[in-house]
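Worksheet: the structure to be examined is printed underneath.
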Number of protein chains: 2
Amino acid sequence: MSTIQDVARHAAVSVSTVSNVLNGRTDKMRQETLARVEAAIVALQFRPNTLARQLKTGQTPLLGLLVPSIANPMYGYIAREVETFAQEQYGYRVLIGNTYRDQEKEASFFEDLLAHGVRRVIVISSLADERHLERAVQRGMVVVSYDRRATPGETSEVDHVAPDNFEAARIATRHLIAHGHTRLAFATVAGMTMSRSNKIRGFHAAASEAGLREHACVVEGGPLNEYGDSVIGEVGRDLARQMVKAEARPTGIVAVNDLMALGLMAGLREMGLSVPRDMSLVGMDGLFLSAISNPALTTVQLPVTEMARAMVDRAMTRQSESGKDVGERVFTPTVLIERESVGPPPAIAQAAGTGSRKANT
Amino acid sequence: MSTIQDVARHAAVSVSTVSNVLNGRTDKMRQETLARVEAAIVALQFRPNTLARQLKTGQTPLLGLLVPSIANPMYGYIAREVETFAQEQYGYRVLIGNTYRDQEKEASFFEDLLAHGVRRVIVISSLADERHLERAVQRGMVVVSYDRRATPGETSEVDHVAPDNFEAARIATRHLIAHGHTRLAFATVAGMTMSRSNKIRGFHAAASEAGLREHACVVEGGPLNEYGDSVIGEVGRDLARQMVKAEARPTGIVAVNDLMALGLMAGLREMGLSVPRDMSLVGMDGLFLSAISNPALTTVQLPVTEMARAMVDRAMTRQSESGKDVGERVFTPTVLIERESVGPPPAIAQAAGTGSRKANT
DNA sequence: CTGAAAGCGCTAACAC
DNA sequence: GTGTTAGCGCTTTCAG
């Protein structure tokens, strides 16, 4: 690996001249010198060492990205968008960490980022407690969280970008209601986060609007263990069992996200129930997987690309010094993608002579 | 951020003493001094700056991980295992990059890694051409590739860790044959990689064993565009169409991977075909998603965790100087997970009086 | 316009 | 045993 010294020697100039061309201060430079330096750079295949540069400038073109588990397709999706945009727009690379929803792992990730000179982080946490994020900000980091802030009143030190989860759940729930469902359930996993509680509020709001608040319940599976997202099948089975044996079995289910909906489908099927004949199901996220499930999942599409870009922009634009221009940006999901997992509730279907054509053999 | 100087001052010792305790050279040190230094470190919340350290040592505890797209659940799965193991076992963080199967993006990722002082990389590439990897090795990197090497004869500069794709495909194909299938197809995407061609060889080998070589064809969809993996639904539809209109329609299909199998299921369903009644399907990978599909997918489970660990171990253990102790480690997948996507072929099913009970309405 | 020189925070000889 | 010191590769005043 050649150094700036080598280039300087090769071009017969001083290192600072080379440094100047490296940093674009070429305006007041003799053409010929510039050309010589550039030639030397090419000849020696010189690439400035980011590390040495950062030691001096205190900036390293690295973005931290913290996710519960990159094996979860939703986080994989977000991560891809974040990485691509950070790279193309800002020339940043991303340093990723799985936290398995563990407080300590999150904290340790921040420590390492700091040690690596990384000062910009995007956090997708399932932890309601944001104090460790605030602490990171105090230590000079710019942190952007993918969720609403917990305390809308207080000034937070961390930026927030999130989908309008309240609205997403409301849209999903209304869709079920529009199809005639009156016994509703919201399926989620143990552990409360802002996003989950907002979704539940949206679910309840839609139920209340329709005078169905009494018939809208929340069922909870899990929790997701350290293996997290691959265990979704079991959680779905759990939940399916819960719902099937409920005295007044719900007919329309809003799942906290697409993966849960997929797990639920599997669980329901194991219990001998068919979607949408016996139960209707709507998800939220809009994963590409929802399009190829059987039945294809009706879901609320979140604007993932836009949110990812907004997070990167926030992380890059803000100055770490001031905790001032911190904000919250909420993206409203507007698109409900209708596919096959929602139909009329069983009773209505029967009355209309559509359902129970094929009995469970 | 406090520095080693601050700590030295606080503990009233010299920086080298502090450096010594930081690097575990505490054996020939007075208890009391050690205690004082440690106290100072805690008091000042001192964390050594990795960058400065690396500038000196030429080593940075970062592992590069290059994947076609982290949104692909299989790569997400591998990435999670790699990250977790690298972190827990070696204290390394991982720097990730999506290459979208693009030669230039891969090259540019390597450039950046080099500039960041990263010298160890795990590459999951869909590019058959390995020259850019060799070049990276020449520049002092340790690179481990997730695939067989292209030229088993020649000495390669890059390490290889891979599943036994030949065997995996053979197991999958034999399973179909054992169920009575005689018209076989292998479903893949455009673009040839070592892993794909090995799978095809395994497929053909199993067919030949059973004297079915004549009835074993390869169908190809795609290619995966830059959005890659989210487009799998369309590819599946394509392929389904191809197979349905083939003059002698295959009854047993081996999919190049689970995602392809899932896409194919959706495509087949759209064409009015039912799995496994009309067609049997087996995947390879063992994604958690295969367990919750409908029907649940029969698949060959790859030892992902073991392979991820082997890759990390290789990347960490090898010395960058010598391109000598390079090797190839092939993991044999032994487990076929039987689920619901394989049944007898339609003709046999009819003869046995099991199938076509419910006609396509 | 270009060069010399002082560090950024840490490590590792080499002295004492 | 502990302190001094010379860099790692680069940026950035500050002279010339």
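Chain A is the first sequence line, chain B the second, and so forth, proteins listed ahead of strands; every chain is numbered from 1.
Judged by distance alone, with hydrogens and angles left aside, B:Ser16 brings no side-chain donor or acceptor close enough to the base of C:dA12 to form a pair under 3.5 Å. Contact annotation: side chain of B:Lys56 to base of D:dG7, donor-acceptor pair present below 3.5 Å.
A heavy-atom distance below 4.5 Å is found between the side chains of B:Pro61 and B:Thr50.
For the pair A:Lys28 and A:Leu55, both in contact range of DNA chain C, the more 5′-proximal nearest nucleotide belongs to A:Lys28. Nearest-nucleotide assignment on DNA chain D puts the 5′-proximal partner with B:Arg30, out of A:Arg47 and B:Arg30.
For A:Asn49, the listed nucleotide lying nearest its side chain is D:dG9; candidates were C:dC1, D:dG9, D:dT11. For A:Thr17, counting side-chain heavy atoms from C-beta on, the closest listed nucleotide (C:dC10, C:dA5, C:dG3) is C:dG3. When the nucleotides C:dC1, D:dC10, D:dT2 are ranked by their closest atom to the side chain of B:Met29, D:dT2 comes out on top.
At D:dG9, none of the side-chain N or O atoms of A:Arg53 fall inside 4.0 Å of OP1 or OP2 (strictly under the cut-off). Of the side-chain N and O atoms in A:Ser14, one or more sit less than 4.0 angstrom from OP1 or OP2 of C:dG3. Side-chain N/O atoms of B:Ser19 include one lying less than 4.0 angstrom from OP1 or OP2 on C:dT11. Note on B:Asn23: a side-chain N or O is less than 4.0 Å away from OP1 or OP2 of C:dT11. Phosphate proximity of C:dA12 to B:Arg25: present, with a side-chain N or O under 4.0 Å from OP1 or OP2.
Between the side chains of A:Tyr100 and B:Thr84, at least one donor-acceptor pair of N or O atoms lies under 3.5 Å.
Atom CG in A:Asn20 sits roughly 12 Å away from atom C1' in D:dT13 (whole-Å rounding). Between A:Ile4 atom CD1 and C:dA5 atom P there is a gap of 17 Å when expressed in whole angstrom units. One interatomic measurement links the two molecules: CD of A:Gln59 to P of D:dC10, which rounds to 18 Å at whole-angstrom precision. Distance CD (B:Gln54) to C1' (C:dG9): 12 Å, rounded to an integer number of Å. The distance between atom CG of A:Leu51 and atom P of C:dC10, rounded to the nearest whole Å, is 14 Å. Computed from coordinates, the A:Asp6 CG to D:dC10 P distance equals 9 Å when rounded to whole Å. The CD-C1' distance, from A:Gln5 to D:dG9, rounds to 7 Å in whole Å. The distance from atom CZ of A:Arg9 to atom P of C:dA4 is 13 Å, rounded to the nearest whole Å.
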Check your understanding: Yes or no on side chain to side chain contact (heavy atoms under 4.5 Å, CB included) for A:Val143 and A:Asp159, after CA distance, side-chain angles and deciding distance?
Key -> CA-CA 6 Å; A:Val143 0; A:Asp159 252 304; over 6 Å; no
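Within 4.0 Å of A:Val13, counting heavy atoms only, lie sugar-phosphate atoms of the nucleic acid but no base atom.
One finds no salt bridge joining B:Arg309 and B:Glu81 here, because no Lys/Arg side-chain nitrogen approaches an Asp/Glu carboxylate oxygen to under 4.0 Å. Ion pair A:Arg101/A:Glu106 not flagged as a salt bridge, since none of the NZ, NE, NH1 or NH2 atoms sits closer than 4.0 Å to an Asp/Glu carboxylate oxygen.
In this structure, A:Ala308 and A:Ile78 approach most closely via the heavy-atom pair CB-O, 4.4 Å.
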